[in-house]
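These notes are about the structure you will find just below.
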Amino acid sequence: MSSSLVGWKDLPLGAVAFISAKEYPTGEWAVFQPKIDESKCIKCGLCWMYCPDSVYRWDGESVPVPDLDHCKGCGICEVECPTKAIQMVRV
Amino acid sequence: MALNGDEAVAWAVKQSNVDVVSAYPITPQTIIVERISEFVNDGEMDAEFIHVESEHSALSAAWGAALAGARAFTATAANGLALMWEILYITASTRAPVVMAVVNRALSAPINIHNDHSDTMGARDSGWIQIYSEDAQEAYDNTIMAFKIAEQALFPVMVTLDGFTISHTLQNVIVLPDDVVSDFVGVRKIPRIKLPRIHGEKEIPLMLNPKYPITFGPLDLYDYYFEHKVQQNEAMKETFPIIERVHKEYGEISGRSYEPVFMIPYRTDDADVVIFGLSSTMSVVRKVVDELRAEGKKVGAIRLRVFRPFPANIIRKELSKFHAVGILDRCISFGGEGGPLFTEVRSALYRSSSRPIVHDYIYGLGGRDLPRKLIVKIFEELLSAREEPESPVVRYVGVRE
Amino acid sequence: MKWGDVPLIEIRWHGRGGQGVWSGSAVLAYAAIKAGKYAQSFPQFGPERLGGPVTAFNRIDDEPIVERGPIYEPDIVIVIDPSLVKPRYVSSLIEGLKPGGKLLVNSEGDPSSIRSQLSIPDEFEVWSVDATTIALEEIGRASPNTTMLGLLLAATNLLPIEYLEEGIRWRWSGDVAQKNINALKRAMKEASVDRAKEVIRA
Amino acid sequence: MSTWKPDIKELARKELKTRPIESGHRLCAGCGAGIIIRQIAMAARKPIVWITATGCVEVATTIFPYTSWNVPWAHNAFENAAAVGSGVEAARKKLYRSKRFQGDPDVELDYDVVVLGGDGGTYDIGLQAISGAFERGDKILYVLYDNEAYMNTGIQRSGGTPFGARTTTTPVGRVIKGKIQFKKPIVDIMVAHRIPYAATISSAYWNDAIVKLRKGFEAEGPAFIHAFSTCPLGWGNETSETIKIMKLAVETCVFPLYEVENGQYKLTGPTLAIAKNPDRKKPVEEYLKLQARFRHMLRPENKWMVEKFQEWVDREWELLLKKAGL
């Protein structure tokens, strides 16, 4: 087994988790990922709202930015975008 | 004060600054939850009492309370403990310091409300510290000490008392003043840990707390589960000195020290044979020892108080010097080679260069009494034992053929 | 490498949930059993999730197989997820691969550039095919497991293709089975290889 | 109750700062549960402590050593999440009252307890603990994410699986085709406990969902939210159509949106619009046809199954209209 795994003496008490999942790149699962046509974006935020993976970062004003390191490529944002500003493209 | 065993436990809980009690009634534990309910409803105890709908939920809620920072208590018996089975392991593995009184009772079927140790013996591998009480006084003392042991060791603790024999038997119990107990146990303190990859180098409270979120109860795959179990098992070995220290401190405030802590020998110094057992039966055994000693027979008795962690080294050291040892098991391990106490004690003795002859006596199932004449018979058998029996290893005491 | 000389063939699959790693290994084992050999197929169990990393294993032999448990020293490694064909994963992909062993990857890249990009030692044979594109075009889904079986057939003469077709028909029915067979055949044609260099062993 | 109106921009800014659930969890692509989790956190009025029953969410978000949770989170077992929630809330109340941590900058005790369970953990194995907690009036917000089968173990039927659906334990056989029973009326069961607030939500109607979740947090006692949750793995739908299917479930009245405040049923959002204008109610077939689990029902010889499904939907709809006084 890989030596990067922690041994029993160094694990935190009570089996509590100790690394944030943000260090886990689920973006590698994706076959397709979103590409945003900024000129079409009306900043409605639906891509952000409907993302199951908290991938879109949105300040409420600018064009939402997807975190492709974590986007699994489900394509919900493409289907739900009211102005077709999002297109899923092969990774 | 005149209290029965259940009431003695309830008194200890009332005095121990317990924050949350979650419990469900079951004979012969019921008096504990009734008394605590009275204390809470009369305003004598500032705790939240969760009237759960099952024992499974009783321990689940106690676990949640403990993780949220509370001192949590529950109590059960027999089938109730069996229903908690799954959560026993989870409570121990997450190192939640819940204290539980278990009023030992036989398991169904047939349904039987009386005493034996099948329930807690079945739970012996679940990761709980187990302390067995001999009478109502000890049930009281053990319950108070259990909170301190649990919170210092970060292991849940079961305090057991024999159903009816202790739970429903009114006796003299010396109850300490409220403030003495309160000072002794203090309020629950939260241990701190570091999770550098989430919260940096700060030591954070190990509890459910929005200031420093922690994830309890994750999924392990084959890459970590084994390590977690080894860590838990090794940590349990570290509880011996904690248990000893708390007993010493309790001795100082109460005058009752239960020395030596893990097992208490009686007239064993020059004994040839001893009976080794748990709980209330052992006071009767001591009485018989006195009688036989008067006849010049070299007999003694040893009562084990702490079954988990199992004090194998002490047992080996103590028992190796005898000619024969009779183990009293108030429990059957179906299909096993003897009861749980027998198999563990005999295993502990394997490394000894001078091993005594060891007999297993299964007795008292479902509340059957063990009369003095049968204890005398056991001693006589041990005194005349010439070699380790081939078969049967197990002898049933006090059962009709 | 001539298969007849090797009594036990061990294959390790790497992929992600939803790509049919376990199904692919099951089809292979089924085909081998139908071809009169002894075979095993089993996954490394984690939670069932679309997209999560999955490992599966095959053992194929002319004799009954007594080995159990994961394969540590495979003869062949099949990587069905192109996102695993990256420098950071190489060590786990080729971990334990026997000298002269074959690394079969799903990638658009050609084998020699994959070898240089990933610094794959000369002692391994590298095979590749763009299985995701083939699967998308032939099957309509990014499940490149049967496609990778085509690459396996191109890289070895492990089993006659008829048995794999039978295996695919066992796992899927009708039109879907045919599409998978088409993908397999196309992968056989489009496969390319960078052979192992002669390795002198001490 | 609250008159709070969620503003999507404010919600987004709040999430930018707090991120209750991190990316990098391993729920399937397109899993509806991921959206529900975020919406629960968006609706929170105070800090939250989160209890999760065994299930997909628990497993996929906390694969050791990783955790996706930036809120305090605990999982104990499958059937007892509500009891754990009760324990946490009891502890919180007692510790808050005792002022033990007053002035301690490292501990927060003014929080709401949210309990999340799947359909297995709610309809079936966890029902008893929920009933106990609701009878006691413990202040927890219980959210059921209902993806209509045991997805974590690989798609087995639950008390929440709809009629006709194919699961691995209700296969489409030669004699019996899919599940032969209907869904358990779980909201009615919870409402029968006389809890102050219960509601159904669909993440697709995010505004409606978040308002109801907030009401659940604000309820003076237990609240129950039934959240409909698409499962691409178990339902066999395109991952991209998760929201579309959730909308169709509402538009066909397969999953109507309503709330029950102190026993009073009230239709909300698009469901209320359908009640007012029945022509808008779409046939169930439109919902069924997007999912592989119902595909067999659409074959000519199984047409009766679609009809039976439709009859059930119509009957339940009529009942609901009556309960809502419409």
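In what follows, chains carry the letters A, B, and so on, assigned in the order in which the sequence lines appear, proteins first and then strands, with residues in each chain numbered from 1.
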Checking heavy atoms, do the side chain of B:Leu59, its backbone, both or neither come under 4.5 Å from chain D? neither
Heavy atoms only: give me the nearest D:Ala77-B:Ile87 pair and the separation to one decimal. CB-CD1, 3.9 Å
Which answer fits B:Leu208, side chain, backbone, both or neither, if we ask what part of it has an atom under 4.5 Å from a heavy atom of chain D? both
Portion of B:Val52 that has a non-hydrogen atom of chain D nearer than 4.5 angstrom: both
Any D:Val49 side-chain heavy atom under 4.5 Å of B:Pro210 side chain: yes
Distance in Å, B:Ile198 CD1 paired with D:Glu22 CD, rounded so as to fall on 0.5 Å steps: 10.0 Å
Is the shortest side-chain heavy-atom distance between B:Pro213 and D:Trp69 below 4.5 Å? no
Mind listing the closest non-hydrogen atom pair of D:Trp73 and B:Gly217 along with its distance? CZ3-O, 3.9 Å
Is chain B contacted by the side chain of D:Tyr66, its backbone, both, or neither, given a heavy-atom distance below 4.5 Å? neither
Whatever's closer than 4.5 Å to a heavy atom in chain D on B:Ala72 counts as neither
Rounding to 0.5 Å, atoms CG (B:Leu221) and CD1 (D:Ile63) come to a distance of 6.0 Å
Check whether B:Arg71 gets within reach of chain D through its side chain, its backbone, both or neither, counting any heavy atom under 4.5 Å. neither
Inter-chain contacts: residues 132-148 of chain D against chain B, heavy atoms under 4.5 Å: D:Gly132, D:Arg136, D:Asp138
Residue part contacting chain B, namely of D:Gln128, when any heavy atom lies under 4.5 Å: both
Just verifying a value: how many Å separate B:Leu219 CG and D:Thr67 OG1, rounded to the nearest 0.5 Å? 11.5 Å
Note, D:Asn80 side chain near B:Trp63 side chain (heavy atom, < 4.5 Å): no
Which members of residues 106-115 of chain D, sorted by number, sit under 4.5 angstrom from chain B on a heavy-atom basis? D:Asp106, D:Val107, D:Glu108, D:Tyr111
Rounded distance (nearest 0.5 Å) linking atom CD of B:Glu48 with atom CG of D:Leu95: 10.0 Å
Let me know if B:Thr215 has heavy atoms under 4.5 Å from chain D in its side chain, its backbone, both or neither. both
Can you tell which part of D:Asn70 gets under 4.5 Å to a heavy atom of chain B, answering side chain, backbone, both or neither? backbone
Between B:Ile204 and chain D, with a heavy-atom cut-off of 4.5 Å, which part of the residue counts as in contact: side chain, backbone, both or neither? neither
Choice from D:Ala90, D:Ser131, D:Pro65 maximising heavy atom contacts with chain B below 4.5 Å: D:Ala90
Measure B:Val18 against the heavy atoms of chain D and call it side chain, backbone, both or neither at under 4.5 Å. backbone
I'd like to know which of B:Ala61, B:Ala58, B:Ser54 tops the heavy-atom pair count under 4.5 Å against chain D. B:Ala61
